[in-house]
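What follows is a single structure, written as structure tokens, with notes after it.
Residue indices begin at 1 and follow the sequence shown.
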Amino acid sequence: MFRTLAFALPLALAPLPAAAQDFSLTTDEADNLRCAVVFALTAGFNQAGLEGFEQYGDIDARGEEYFVETMVSISEAHDIEGPALMPLVEEQVGELMEDPDTVAAMIPECLYLLEDFEARGI
């Protein structure tokens, strides 16, 4: 799984100031965040040898860049620090981690977002 996600998740356990929790994501931001988590989980499932995920072996580095850029973009758009996003990341991980089939079903749409991201050179 991404080093970024592995190091960042413990930050979600730290209490946040109330102001840091008072924001909502746009639909695009929520989609990007969900796909960033899908890429992290896909990389982890692939490394764990789960059947069907081996075809996405190249997603680790590409997905990690997408994850980082998504977090930075959301942080800047809402003028918040990265740790304030970790509860949202943790929520997505919690929803998806136990269901590899849902993750697998989401990969094609998320790959479309990733390819668009890469084409824009962000």
Side-chain angles (χ1 to χ4, degrees):
M1 194 163 297
F2 299 138
R3 292 178 303 277
T4 304
L5 187 58
F7 287 116
L9 280 178
L11 294 174
L13 301 176
L16 299 171
Q21 299 174 17
D22 268 347
F23 66 93
S24 56
L25 301 179
T26 67
T27 301
D28 285 345
E29 290 169 338
D31 289 346
N32 289 333
L33 180 63
R34 190 166 190 86
C35 284
V37 171
V38 164
F39 295 140
L41 292 174
T42 298
F45 292 157
N46 182 32
Q47 290 171 2
L50 264 72
E51 188 176 328
F53 289 91
E54 65 279 350
Q55 64 184 323
Y56 303 109
D58 70 332
I59 205 68
D60 197 17
R62 295 171 63 209
E64 184 171 4
E65 182 180 357
Y66 184 88
F67 180 89
V68 169
E69 291 300 324
T70 295
M71 296 293 283
V72 168
S73 175
I74 294 171
S75 294
E76 289 175 352
H78 295 276
D79 195 30
I80 56 173
E81 297 293 322
L85 293 175
M86 294 322 299
L88 297 175
V89 172
E90 187 176 57
E91 179 182 334
Q92 293 293 315
V93 169
E95 289 176 11
L96 295 170
M97 189 158 195
E98 300 301 320
D99 191 1
D101 291 337
T102 297
V103 172
M106 294 176 68
I107 292 172
E109 182 64 30
C110 288
L111 284 174
Y112 174 77
L113 290 177
L114 177 61
E115 289 165 3
D116 182 58
F117 165 81
E118 291 172 333
R120 289 183 286 137
I122 297 174

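For T26, the side-chain contact (heavy atoms from CB on, under 4.5 Å) test picks out D28, E29, with sequence neighbours left out. Taking E91 as the reference, L88, E95 meet the side-chain contact (heavy atoms from CB on, under 4.5 Å) condition, with sequence neighbours excluded. Not counting sequence neighbours, Y56 has no partner by the ring pair (Phe, Tyr, Trp, His ring centres under 6.0 Å) test.
Between atom CG of residue N32 and atom CD1 of residue I74 there is a gap of 6.5 Å, rounded to the nearest 0.5 Å. Put simply, OG on S75 and CD1 on I80 are 5.0 Å apart, with the number rounded to the nearest 0.5 Å. Here CD of Q47 is found 12.5 Å from CZ of F53. Values are rounded to the nearest 0.5 Å. Here L114 contributes atom CG and E109 contributes atom CD; the two are 12.0 Å apart, rounded to the nearest 0.5 Å. Separating the CD1 atom in I59 from the OG1 atom in T42 is a distance of 6.5 Å, to the nearest 0.5 Å.
Nearest heavy-atom pair across L96 and V103 is O-CG2, 3.6 Å. The shortest heavy-atom contact between P87 and A84 is CD-O, 3.4 Å. Here the closest heavy-atom approach between residue A36 and residue F67 is recorded as CB-CD1, 3.5 Å. Nearest heavy-atom pair across M97 and L41 is N-CD1, 3.9 Å. Minimum interatomic distance between V38 and M106 (heavy atoms only, all atoms of both residues): CG2-CE, 3.7 Å.
Listed by first and then second residue, the salt bridge (charged side-chain N to carboxylate O under 4.0 Å, His left out) pairs involving residues 36-56 amount to none (not counting sequence neighbours). Among pairs with a residue in residues 96-108, none fulfils salt bridge (charged side-chain N to carboxylate O under 4.0 Å, His left out), at least two apart in sequence or across chains. Residue pairs that meet the ring-ring contact (aromatic ring centres under 6.0 Å, His included) test with at least one member in residues 74-95, sequence neighbours left out, are F23-H78.
Counting non-hydrogen atoms of neighbouring residues, nucleotides and ligands closer than 6.0 angstrom, the CG atom of D116 exceeds 12 such neighbours.
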Would you check, one step at a time, whether the test side chain to side chain contact (heavy atoms under 4.5 Å, CB included) holds for E81 with M86? CA-CA 10 Å; E81 297 293 322; M86 294 322 299; over 6 Å; no

Kindly indicate, with the supporting measurements, whether the criterion side chain to side chain contact (heavy atoms under 4.5 Å, CB included) is fulfilled by F39 and D60. CA-CA 7 Å; F39 295 140; D60 197 17; over 6 Å; no

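Not a single donor-acceptor pair under 3.5 Å links the side chain of S73 to the backbone N or O of E69.
The shortest side-chain heavy-atom distance between E118 and Y66 does not fall under the 4.5 Å cut-off.
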